[in-house]
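Since the structure comes first, as structure tokens, the remarks are kept for the end.
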Amino acid sequence: MQDIRSVLRDTKPGASITAKGWVRTRRDTKNAVFVELNDGSCFNGLQCVFDAASLDDAARASLAQVSTGAAVAVAGVLVESPAAGQPVELKASGLTVYGPSPADSYPLQKKAHSFEFLREIAHLRPRTNSFGAVARVRNQMAFAVHSFFQERGFQYVHTPIITASDCEGAGEMFQVTTLDLDAIAKRGEPVDWTKDFFGKRAYLSVSGQLNVETYCMALGRVYTFGPTFRAENSNTPRHLSEFWMIEPEMAFAELPENMDLAEAFIKHLLSWALERCGDDLAFFDKRIQPGLIAMLDSVRSSTFAHMSYTDAVKELEARKDDFEFKPFWGCDLQTEHERYLTETVVKGPLIVTDYPRDLKAFYMRRNDDGETVRAMDVLVPRIGEIIGGSEREYRHDVLLDAMKDKHLDPASYWWYLDLRRYGSAPHSGFGLGFERLMRYVTGMENIRDVIPFPRAPKQADF
RNA sequence: UCCCCUGUAGCUCAGCUGGCAGAGCAAGUGGCUGUUAACCACUGGGUCCUUGGUUCGAAUCCGAGCGGGGGAGCCA
């Protein structure tokens with residue numbers, strides 16, 4: 001069986017084919033019934049034309065059950081379409097209805113629905129234009145992540161999803177337990193975590209970075225790509241409780257090489273989308289985010305701007321009256337600051353580097369000035385921070401000092417410190433939020449609409 | 001977690017200073033037409049989110065709760 005994508009692309013008029021898929025719309029005329037069939041293989045559907053006179057009795061009976069959402073097979077001959085709107089269509093001679101879809105109760109109508117409504121029917125929304133397109137682009141972007149790293153000699157490492165160390169330091173964690181908490185609460189006893197599954201408290205990972213650094217110090221160039229969990233009570237269109245993150249890590253690489261990798265990575269992903277998702281992007285450009293394709297195309301051939309944190313603050317101080325939060329050296333960059341820098345000052349992607357060390361994680365390499373670290377944030381218009389990374393502190397004693405500064409217990413990082421004791425080397429890496437990339441590439445506003453089944457505070461349906 | 005907005009038909013929404021529940025689309029029926037967000041006519045369709053209060057009377061005003069959206073923080 002051919003999917004509709006290959007029918008539209010490869011099949012010559014005159015060929016007999018059978019197309020299977022789901023009915024998007026049906027339009028009746030006196031002598032013919034037009035059924036638009038979509039099978040998800042591509043954005044466009046196949047128009048099937050039923051000529052009332054040429055149908056056998058069985059097909060005519062089945063036709064009564066054809067309505068939006070029904071799963072059907074249509075047999076016929078592919079012909080050039082006499083009408084505008086599609087180059088070819090299927091002149092139907094046979095019809096099988098596998099699963100009807102009663103029109104009086106099927107939630108999806110042949111009209112536009114709000115994304116808020118579609119979120120409530122996440123099991124049906126992939127059948128819409130928007131979510132079908134998101135799913136196909138998401139698939140291509142995942143593939144592009146691997147193609148980028150594999151072409152450059154990076155090896156894919158699977159870091160653990162469950163972690164028993166609560167020292168990853170990147171936010172609130174979900175706890176994992178097999179204890180019967182109800183029973184313990186009823187007995188009014190304190191919880192004895194040594195009796196839990198792992199013999200201690202366990203959590204879902206908030207980052208694979210610390211683990212992947214161990215493989216970086218053995219394989220050289222590595223990356224992770226997997227689910228990540230944050231129990232923060234974030235209620236925004238750019239945060240999820242469960243999201244997918246890509247974390248490359250390069251041995252013997254310092255911050256400039258890290259920035260180059262991040263820039264090449266973003267450009268590779270955008271090029272891939274432009275080359276392989278043309279129809280889907282055309283839809284997003286037309287209906288979701290006008291100008292999207294031109295924007296992606298211009299970023300692909302641009303050079304990312306670089307700016308140190310110190311210079312960024314100078315830039316902000318020149319316009320300080322425009323901001324609710326007055327910028328000063330040492331302040332964390334607010335969303336309004338980041339957007340001003342990327343959208344107004346450089347009008348494109350911007351990499352901000354060398355932040356004050358008080359603002360950043362303990363593992364980032366300290367600069368010689370003693371005050372800043374070799375951090376980098378990649379900011380893009382509309383999305384804000386899409387990548388966060390750094391050169392890592394590879395000097396044992398400086399790392400130990402930074403941990404003490406942040407009131408972390410070195411004992412629980414013993415294996416991480418071991419990497420600095422034996423064969424330590426400069427290395428760098430970053431994290432890219434896959435769904436933030438998806439927002440950037442598709443133009444979709446809400447991050448809950450670029451992942452099939454979003455998890456967020458008070459939201460874990462489906 | 002904080003601030004603002006919001007919850008009315010299957011969907012998107014209107015409903016004013018409190019006084020009989022509305023429109024468009026969708027659905028059903030009929031008509032017309034190689035249609036393509038089809039078109040025309042008619043018909044059916046309501047726990048006005050829940051709860052408490054004010055009032056002769058609440059979709060409307062007030063309190064609480066729950067849900068949704070936007071902004072902020074946290075971050076990817």
Side-chain angles (χ1 to χ4, degrees), chain A residues 24-37 44-52 67-69 79 81-86 89 91 101-121 128-129 168-172 206-209 224-247 262 287 324-325 332-339 359-361 377-380 383-389 430-440 445-451 456-459 461:
Chain A
R24 279 294 170 80
T25 68
R26 166 192 178 138
R27 295 175 291 270
D28 287 47
T29 70
K30 189 172 188 178
N31 299 314
V33 176
F34 296 87
V35 174
E36 191 183 324
L37 201 60
N44 291 116
L46 178 64
Q47 173 162 280
C48 305
V49 186
F50 293 85
D51 179 2
S67 61
T68 301
V79 297
S81 180
Q86 58 284 316
E89 63 189 26
K91 188 172 165 55
S101 179
D104 56 357
S105 62
Y106 185 56
L108 292 173
Q109 304 163 357
K110 47 181 185 180
K111 56 167 281 191
H113 290 289
S114 69
F115 291 133
E116 290 84 357
F117 170 66
L118 293 172
R119 253 170 249 152
E120 297 170 2
I121 48 168
T128 63
N129 283 335
E168 294 181 0
E172 294 297 311
V206 294
S207 166
Q209 184 202 317
T224 70
F225 182 9
T228 306
F229 306 89
R230 305 265 168 99
E232 243 98 44
N233 192 10
S234 300
N235 245 300
T236 82
R238 42 182 199 285
H239 291 86
L240 289 167
S241 306
E242 175 182 295
F243 63 98
W244 287 64
M245 186 156 64
I246 296 121
E247 295 174 293
R287 292 291 175 86
E324 188 184 344
F325 294 91
D332 213 348
L333 297 183
Q334 305 290 313
T335 298
E336 58 174 341
H337 301 148
E338 293 181 342
R339 293 194 64 162
L359 299 180
K360 292 293 184 181
D377 284 357
V378 180
L379 311 178
V380 297
I383 307 299
E385 183 180 347
I386 196 170
I387 281 177
F430 60 79
L432 173 130
F434 189 58
E435 286 75 20
R436 289 192 176 172
L437 169 78
M438 283 295 298
R439 286 181 68 216
Y440 192 45
E445 290 290 348
N446 196 310
I447 200 164
R448 299 174 193 200
D449 296 329
V450 296
I451 187 168
K458 302 274 164 56
Q459 184 174 30
D461 295 331

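In what follows, chains carry the letters A, B, and so on, assigned in the order in which the sequence lines appear, proteins first and then strands, with residues in each chain numbered from 1.
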Interatomic distance at [atom1], [N] relative to [M], whole Å:
{"N": "B:C40", "M": "B:C32", "atom1": "C1'", "result": "8 Å"}
{"N": "B:A58", "M": "B:G63", "atom1": "C1'", "result": "15 Å"}
{"N": "B:G10", "M": "B:G18", "atom1": "C1'", "result": "30 Å"}
{"N": "B:C16", "M": "B:C49", "atom1": "P", "result": "14 Å"}
{"N": "B:A27", "M": "B:C74", "atom1": "C1'", "result": "46 Å"}
{"N": "B:G22", "M": "B:A9", "atom1": "P", "result": "14 Å"}
{"N": "B:G71", "M": "B:U12", "atom1": "C1'", "result": "24 Å"}
{"N": "B:G19", "M": "B:G7", "atom1": "C1'", "result": "24 Å"}

OP1 or OP2 of [N] less than 4.0 angstrom from a side-chain nitrogen or oxygen of [X], does that happen here?
{"X": "A:Arg339", "N": "B:A72", "answer": "no"}
{"X": "A:Arg119", "N": "B:G69", "answer": "yes"}
{"X": "A:Asn446", "N": "B:G70", "answer": "yes"}
{"X": "A:Lys30", "N": "B:C32", "answer": "no"}

Check whether [X] reaches the backbone of [Y] with its side chain - one donor and one acceptor, N or O, closer than 3.5 Å.
{"X": "A:Glu336", "Y": "A:Phe325", "value": "yes"}
{"X": "A:Thr224", "Y": "A:Ile246", "value": "no"}
{"X": "A:Glu232", "Y": "A:Glu172", "value": "yes"}
{"X": "A:Glu435", "Y": "A:Leu240", "value": "no"}
{"X": "A:Arg439", "Y": "A:Arg238", "value": "no"}

Students often get this wrong, so: under 4.0 angstrom with heavy atoms, is [X] touching a base, only sugar-phosphate, or nothing?
{"X": "A:Leu240", "value": "base"}
{"X": "A:Ala83", "value": "base"}
{"X": "A:Asp28", "value": "base"}
{"X": "A:Ile386", "value": "sugar-phosphate"}
{"X": "A:Gln334", "value": "sugar-phosphate"}
{"X": "A:Thr236", "value": "base"}
{"X": "A:Asp104", "value": "sugar-phosphate"}
{"X": "A:Thr228", "value": "nothing"}
{"X": "A:Phe243", "value": "base"}
{"X": "A:Gln86", "value": "base"}
{"X": "A:Pro107", "value": "nothing"}
{"X": "A:Gln109", "value": "base"}

Between A:Thr228 and A:Arg230, a side-chain donor and acceptor under 3.5 Å: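 Judged by distance alone, the side chains do not pair up.
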
Polar side chain donor-acceptor pair, A:Gln459 to A:Arg448, under 3.5 angstrom: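 Distance-only check passes for A:Gln459 and A:Arg448.
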
Less than 3.5 Å between a donor and an acceptor, one on the side chain of [X] and one on the base of [N], is that the case here?
{"X": "A:Arg27", "N": "B:C39", "result": "no"}
{"X": "A:Ser234", "N": "B:C75", "result": "no"}
{"X": "A:His113", "N": "B:C11", "result": "no"}
{"X": "A:Glu89", "N": "B:G34", "result": "yes"}

Nearest to the [X] side chain among [options], which nucleotide is it?
{"X": "A:His239", "options": "B:G69, B:C74, B:A76", "value": "B:C74"}
{"X": "A:Thr29", "options": "B:G71, B:U33, B:A76", "value": "B:U33"}
{"X": "A:Gln47", "options": "B:G69, B:U12, B:U35", "value": "B:U35"}
{"X": "A:Thr335", "options": "B:C75, B:G69, B:G67", "value": "B:C75"}
{"X": "A:Phe117", "options": "B:G68, B:U1, B:U12", "value": "B:U12"}
{"X": "A:Asp332", "options": "B:C74, B:U1, B:G71", "value": "B:C74"}
{"X": "A:Ser114", "options": "B:U35, B:U12, B:A76", "value": "B:U12"}

Length of the line joining [X]:[atom1] and [N]:[atom2], which is rounded to integer Å:
{"X": "A:Glu120", "N": "B:C11", "atom1": "CD", "atom2": "P", "value": "8 Å"}
{"X": "A:Ile447", "N": "B:G70", "atom1": "CD1", "atom2": "P", "value": "12 Å"}
{"X": "A:Lys110", "N": "B:C11", "atom1": "NZ", "atom2": "C1'", "value": "15 Å"}
{"X": "A:Leu359", "N": "B:G73", "atom1": "CG", "atom2": "P", "value": "14 Å"}
{"X": "A:Asn31", "N": "B:U33", "atom1": "CG", "atom2": "P", "value": "8 Å"}
{"X": "A:Phe115", "N": "B:U12", "atom1": "CZ", "atom2": "P", "value": "13 Å"}
{"X": "A:Tyr106", "N": "B:G10", "atom1": "OH", "atom2": "C1'", "value": "13 Å"}
{"X": "A:Asn235", "N": "B:C5", "atom1": "CG", "atom2": "P", "value": "18 Å"}

Using purine N1 to pyrimidine N3 plus N6-O4 or O6-N4 for Watson-Crick, or N1-O2 and O6-N3 for G-U wobble, each under 3.5 Å, what pairs with [N]?
{"N": "B:G22", "value": "B:C13"}
{"N": "B:A38", "value": "none"}
{"N": "B:U1", "value": "B:A72"}
{"N": "B:U33", "value": "none"}
{"N": "B:C61", "value": "B:G53"}

A:Leu108 and A:Leu118: CA distance, side-chain angles, deciding distance, side-chain contact (heavy atoms from CB on, under 4.5 Å) verdict: CA-CA 9 Å; A:Leu108 292 173; A:Leu118 293 172; 3.6 Å; yes

Rounded distance (nearest 0.5 Å) linking atom CZ of A:Arg119 with atom CG of A:Asn446: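 Spacing of CZ (A:Arg119) from CG (A:Asn446) equals 4.0 Å.
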
Flag if over 12 foreign heavy atoms under 6.0 Å of NZ, A:Lys91: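 Open.
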
Face-to-face contact A:Phe34 to B:G34 six-ring, under 5.5 Å, under 30°: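 Whether judged by distance or by angle, A:Phe34 falls short somewhere, so it does not stack on the base of B:G34.
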
Nearest-nucleotide 5' precedence on RNA chain B, A:Lys458 against A:Arg436: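 It is A:Lys458, whose closest nucleotide lies nearer the 5' terminus.
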
Which residue lies more 5' along RNA chain B, comparing A:Ser81 with A:Glu324 via nearest heavy atoms: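 In this pair, the answer is A:Ser81.
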
